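Given the structure is predicted, the values throughout are model-derived calculations rather than measurements.
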Amino acid sequence: MRQCPGRYVHREGKPVGGTEARDGKGAAASAGGAGDADGPGGPPAPGGTADGAKAPAALTTPRGRRPVVAALMLGMALAAIDGTIVSTAVPQIVGDLGGFTVFSWLFSGYLLAVTVTLPVYGKLSDTFGRKPVLIAGIILFLAGSLLCAAAWNMGALIAFRVVQGLGGGALQGTVQTIAADLYPLKERPRIQAKLSTVWATSAVAGPVVGGLLAGYADWRWIFLINLPVGAVALWLVVRHLHEPARPRPKTRPRIDWAGALAVFATGTLLLTALVQGGVAWPWLSAPSLGLFAASAALAALTVVIERRAAEPIIPGWVWRRRTIASVNLALGAMGLLMVAPTVFLPTYAQSVLGLGPIAAGFVLSVMTLSWPVSAALSDRVYNRIGFRLTAIIGMSAALLILLAFPLLPYPGEPWQPALIMLLLGAALGLFQLPLIVGVQSTVGWAERGTTTASVLFCRQVGQSIGAAVFGAVANSVLAARLLDAPAPGLPDDLDAVARALEDPGALSAAATDHLRRAVDAAVDYVYIGAAGAAALALLALVVLAPRRFPVISEAVITEAGDSPDAR
C-alpha cells in the first residue's frame with residue numbers, strides 16, 4: 001500500500017483551493033476538522049494526527065472494498081432486522097415463558113443498551129480503531145443471541161436481550177463510521193444507499209421471517225438464525241478489513257471509564273423514565289418523578305466528569321461546533337417525528353381502516369421502499385446546492401406531508417395513507433443522508449467515530465422521547481373523545497382500544513364507530529405533533545447550521561497503480 005501524494009479539498013463536493021474550507025460566513029475551518037468555522041475544537045484523539053485526517057480510509061479499491069461492504073451490510077442486517085423479527089413472535093414467547101406484564105422490556109432493554117453505548121463505542125473506535133470495536137460488537141451480539149435462544153424464563157430473556165443490545169450499539173455506530181472511512185465524499189452516497197436498502201429490506205422481511213419461524217418452527221430460531229449471518233460478517237471483517245497503520249501516540253491512550261459509566265447510567269435512567277412512564281406507572285407518580293430527577297442529577301455529574309477528563313467519551317467539541325450540533329438536533333427531531341408512522345400508523349391501519357396485520361404492515365413498509373431510492377439520488381442534489389439546503393428541502397416536504405395526514409377522509413382507503421408514507425420516505429431520504437454524509441465529512445478520521453455516534457445517539461433519544469410524548473398525546477385525545485361514548489365501560493387508552501376493536505362482535509355498531517373515530521382523531525393529533533417535530537428540525541438547520549458545511553481534505557490511500565478516483 002502507498003499513500004497517494006495528491007490531496008483534494010471539497011466544499012460540499014466541489015473542489016476548492018488551499019487546505020482549508022470556509023463556511024458561509026467566511027470563517028476559516030481547519031482542514032483537520034479541529035473545529036467548525038465558527039468555534040474552536042478539542043485536541044485530536046489518541047492515534048490521530050494534528051489534522052485529524054491521517055488515516056481516512058481502510059480500503060478504497062473496488063476489489064478490496066467489496067467483502068468489507070458485504071460485512072457491513074450483514075452486520076447492519078443483524079441490528080436492523082432484530083426489532084421486527086422479535087415483535088412477531090411475542091405471543092409464542094409469552095405463551096412459553098410467561099411474563100406478559102414485563103414482555104415490553106424485550107424491546108425496551110435492547111433499545112436502552114443500544115442507545116447508551118453508542119457514544120462509548122464511538123470514542124473507542126476513534127481511540128483504538130474501528131476493527132476491534134466492530135469485532136467485539138459482533139461477538140457480543142452473537143453471544144446475546146445464543147443466550148436468548150437458551151433463555152428459561154422471561155427475566156433471563158430480557159437480560160440476554162440487553163447483552164444483544166450491547167453488541168447492537170457497536171454494530172450501528174461502527175458500521176456507519178467504517179462506511180464513511182471506506183469511500184471518499186463523492187462516492188459516499190453509494191454505501192449509505194446500500195445500508196438504507198438493508199433497513200428497508202429488514203423492515204419487510206423481519207415480520208415475514210419471524211412469523212414463519214414462530215408459526216412453523218420455534219420462537220428460539222429467531223435468535224439462532226443470527227449465528228450464521230453474524231459468523232460470515234465476522235469472518236469477512238477479520239479477513240478483509242485492514243486499517244492503515246496509525247502513528248503511535250506520544251502518550252498511552254486513556255479510557256474515560258468514569259465518563260462512560262456516567263453516560264451509561266444517565267441514559268439508562270432517562271430512557272427508563274421515558275419508556276415506562278405512562279405505561280408501568282403514571283407520569284406524575286413517584287417513580288417517574290424520581291427517575292427524571294435522578295437522570296438530571298446524573299447528567300450534571302456527567303458534564304463535570306467529561307469537562308475534567310483528558311479524553312472524554314462525549315467531548316465538548318461535539319456541541320461547540322455549529323455543524324455537528326445542528327445535525328445532532330435536526331436528527332434528534334427526526335427521531336421524534338418517526339414515532340408517528342412507525343408506532344401509530346399500524347394501529348390506525350388496523351383499527352380505523354380495518355386491515356389485517358400483514359396489510360397494515362404493507363401500508364407502513366412503502367415508506368422503506370422510497371427512502372433508499374431518494375437517499376441514493378440525493379447526491380445529485382447536494383452536490384449542486386449543498387448539504388444544508390438539500391436537507392431543508394427534504395424536511396420542508398416532510399412537514400407538508402405530515403400535515404396532509406389529518407386531512408385524509410374518515411375512514412378512507414388504504415392507498416391514501418400508503419401514498420402519504422411513500423412520499424414521506426422520499427422526503428426523509430433527502431433529509432437524513434445529506435446530513436450524515438455532510439457531518440462525517442467535516443471531521444477527520446480521529447473524530448469520525450465520535451461524531452457519527454453522537455448523531456445516532458441523538459436520533460435514538462429522539463425516538464424514545466417521541467414514543468413517550470406522542471403516547472401521552474394519543475391517550476389524552478382518546479380519553480377526551482370517549483367522555484361522551486355511546487356505551488359505558490369502553491377502554492380509554494390506545495392499546496386497550498385496539499384490542500377491543502379486534503373483536504367487533506363484542507361491541508355495538510355505534511360503540512365500534514365511536515372507538516374508530518376516537519383512534520382516527522388521536523392519530524391525527526400525533527401526526528400534527530410529528531409536523532411540529534419537523535418544524536424543530538428545520539429551525540435547527542436554519543438557525544444553527546452554517547450555510548456551507550466546512551468539508552475537510554481527504555488523503556486517499558490506494559494500492560500501487562490505482563488512481564484516487566478508482567470506483
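A 4.5 Å side-chain heavy-atom check between Val175 and Leu195 finds at least one atom pair inside the cut-off. Side-chain contact between Leu541 and Leu435 is present, with heavy atoms from C-beta onward closer than 4.5 Å. The closest side-chain heavy-atom distance from Leu236 to Leu74 is below 4.5 Å. Taking 4.5 Å as the limit, every side-chain heavy atom of Thr117 sits out of range of all side-chain heavy atoms of Gln172. At least one side-chain heavy atom of Val327 sits under 4.5 Å from a side-chain heavy atom of Phe549. Using a 4.5 Å heavy-atom cutoff, the side chains of Leu146 and Leu224 are in contact. Counting heavy atoms from C-beta on, the side chains of Pro550 and Thr323 come closer than 4.5 Å. Using a 4.5 Å cut-off on side-chain heavy atoms (C-beta onward), Phe128 and Val133 make no contact.
In this model, no donor atom of one side chain and acceptor atom of the other lie less than 3.5 Å apart for Ser125 and Thr177. Of the N and O atoms on the side chains of Gln440 and Thr451, not one donor lies less than 3.5 Å from an acceptor on the other residue.
Ion pairing between Arg130 and Asp181 holds under the 4.0 Å rule for side-chain N and carboxylate O. Here Arg321 pairs with Glu447 in a salt bridge; the nearest charged N to carboxylate O distance falls below 4.0 Å.
The main-chain N or O of His242 is never found under 3.5 Å from a side-chain atom of Lys131 such that the two would form a donor-acceptor pair. When atom types are taken as modelled, the side chain of Asn328 and the backbone of Cys458 share no donor-acceptor pair closer than 3.5 angstrom. Distance alone, capped at 3.5 Å, is enough to place a donor-acceptor pair between the Glu306 side chain and the Ile314 backbone. Between the side chain of Thr272 and the backbone N or O of Thr268, at least one donor-acceptor pair lies under 3.5 Å. Asp126 places a side-chain N or O within 3.5 Å of a backbone atom of Gly449 that can act as its donor or acceptor partner. In terms of modelled atom types and a separation under 3.5 Å, the side chain of Ser326 and the main chain of Leu544 share no donor-acceptor contact. Side-chain N or O atoms of Thr442 include one that pairs as donor or acceptor with a backbone N or O of Val439 at under 3.5 Å. Tyr121 places a side-chain N or O within 3.5 Å of a backbone atom of Leu166 that can act as its donor or acceptor partner. A donor-acceptor pair under 3.5 Å links the side-chain atoms of Arg220 to the main chain of Ala151, judged by distance alone.
Closest heavy-atom contact between Ala260 and Val120: CB-CG2, 4.0 Å. Looking at every heavy atom in both residues, Gly386 comes nearest to Arg548 through CA-NH1, 4.0 Å. Closest of all the heavy-atom pairs between Leu142 and Ala231 is CD1-N, 3.9 Å. For Val237 against Ala71, the heavy-atom pair with the smallest separation is CG2-CB, 3.7 Å.
Note: Tyr382 and Phe387 have tilted aromatic rings, judged against thresholds of 30 and 60 degrees for the angle between ring planes.
The number of heavy atoms from other shown groups lying within 6.0 Å of CH2 (Trp319) is above 12.
Atom CG of Leu134 sits about 6.0 Å away from atom OG1 of Thr174, to the nearest 0.5 Å. Rounding to the nearest 0.5 Å gives a distance of 6.0 Å between CZ of Arg161 and SG of Cys148. To the nearest 0.5 Å, the span separating OG1 on Thr450 from CG on Leu118 amounts to 11.5 Å.
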